[in-house]
Amino acid sequence: MRRLILIFAALPLFHCRQAPAPPTGLVTDNAMVVSARKEASEIGVAIMQNGGNAFDAMVGTELALAVAYPFAGNLGGGGFMVYRMNNGDVGALDYREKAPLAAHKDMYLDSLGNVIPGMSTIGATSVGVPGTIAGIFEVHEKFGALPIEDIIARVIELVDQGVEVTEKQSRRLDAYWDQIVEVNGDQTLFYNKCMPGDTLRYPALANTLQRIAKNGRDEFYKGETAKILSRFIQEKGGFVTEEDLARYEAKWRQPIIFRYKDLKIISMSPPSSGGVTINQIFKMIEPYDIGQYHHNSAEAVQLFTEAARRAYADRNYYLGDPDFVDIPLDVLLSREYVKGRMESFSFNEATTSSDIERGTVEILESSETTHYSIVDAEGNAVSVTTTLNGAYGSKLYCDELGFFLNNEMDDFSAKTGVPNMFGLTGAEANSIAAEKRMLSSMTPTIVEKDDRLWLVVGTPGGSTIITAVAQTILNVYEFDMSMQEAVNAARFHHQWLPDNIRFEPEGFSEELKQQLKSKGYRINEGRNGFIGMVDAIRVLEDGRLEGGADKRGDDTAVGF
Ligand code: GLY
């Protein structure tokens, strides 16, 4: 009898995963692209149907997003790519923006040492040196199969034919129109007020792309485009010079690789915080077998929240550009250290963030970024997150070149411990320095199961990117969801400070919130929006692909 009781007591620890959930998203036999816009996914797929591989498709999709989704898709921003070849080789590319040579630690402070409102968030002063064109050429040079001119030609066709405005796009354009006019004047060529169903065209962008197709990467960094761009930014009061553009380099990085149960997770390394933080979260929850609880139950929310709280506290203090700061990765990612961090966790009551070390640092980021996932017919996988930072970046639109410039300088900590306009504060590791890359949360991720490609996943969402990616992986692995269900499922977020759980508007009952409150959790009761727009691909057991295109946006899976 005693033995029986012991066996039953131990049962919850051995959650049995069911057979993989049947697919509910688009299923294709060979290849797939999932991105924020149908047009961009279609271009990526057309490239693969015409003999291109996942890397060629990456080049086309990235540029097509600048046309179809200027909200975040870009030539004037930057991003990160994680890849996995069909032979299991993995790697990562950092084409993050960097601070111009003129940048320095106090550049956004007035004579009294106060942060100047808006200077790092809107207009030319907020612009970092763009990395996107360097990124796509770097990828193409290493892995591309098709001539890059042919890939760019497809994107130019899209610019010429124009992009139909969707309902959601029209709402976004309206929401930011006043700021775009404030920065650029009402004669801006970006767009004239438009309705869903109207077609947007950007002839200047077609000319820029023509020159890049003809002259290559250096057109953007050393050619006519570089001259126009640096002159434009400086005329508007910004800091990026021709020399800054000429010195820009994308950098290959070692991705962060770790195991969670029988999964191998491959994610982005610093200067993104994504891989390190997701690694800590998974290691913190692993001993508790989250799958034994119901999806989004009080216990599952508690466990995940307490792990995120501790991981974000470390993120905000220790992480920055690895070329400028020493990050103690060996300690931060060791199982012993991570286990110690959870010693104060109990299901009985919330830990408070002030009890967690490094309790004076906060980093929040804006949420406008975009992610796409690609798998080609050979089984090569590419996971890319790319951004202008804010919605339409700095809002500065170059009429002559046809694209927006980022406001990525705001991802630095303008002054240690002092929140900027978005509530951002940060630590010394992420302070501003000439040519330094600002800390990111972007988490393009690839997951292997049984040594085979299994998931390609990522999302926009600023600091919520990391928790959204982690929850999507857990939804499939621990909560037996299909890819599409996992992407659509309701999400929540905690990032240490502010010390509250942010729930999406739908999917979390009052009863659950009361239960958590009774244990001391603070709930963000304000009007909460969506968390992330995850675009992901799952490789099914029979080798077919299932897309997960987030229902929260216009996101679309396309494949063959
Ligand atoms: N700009 C958002 C991020 O890099 O995380």
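Note that the structure is predicted; figures quoted are calculated from it, not measured. Order of appearance sets the numbers: ligands from 1, and atoms from 1 within every ligand.
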Geometric cation-pi criterion, R217 with Y221: 6.0 Å, 45°: yes
Going by the closest heavy atom to atom 1 (N) of ligand 1, which one wins out of D411, T443, T387, T369? D411
Sorted by chain and number, sequence neighbours left out, ring pair (Phe, Tyr, Trp, His ring centres under 6.0 Å) with Y83 holds for F55, F143
Heavy-atom contact under 4.0 Å between E408 and ligand 1? yes
Contacting atoms of ligand 1, where contact means under 4.0 angstrom from a heavy atom of N389: 1 (N), 2 (C)
Atom indices of ligand 1, in the order listed, that fall short of 4.0 Å to a heavy atom of R96: 4 (O)
For Y202 and Y397, take the angle between the two ring planes, folded into 0 to 90°, and tell me which bin it lands in: parallel under 30, tilted 30 to 60, perpendicular over 60. tilted
Quick one: list whatever passes salt bridge (charged side-chain N to carboxylate O under 4.0 Å, His left out) with K38, sequence neighbours left out. E42
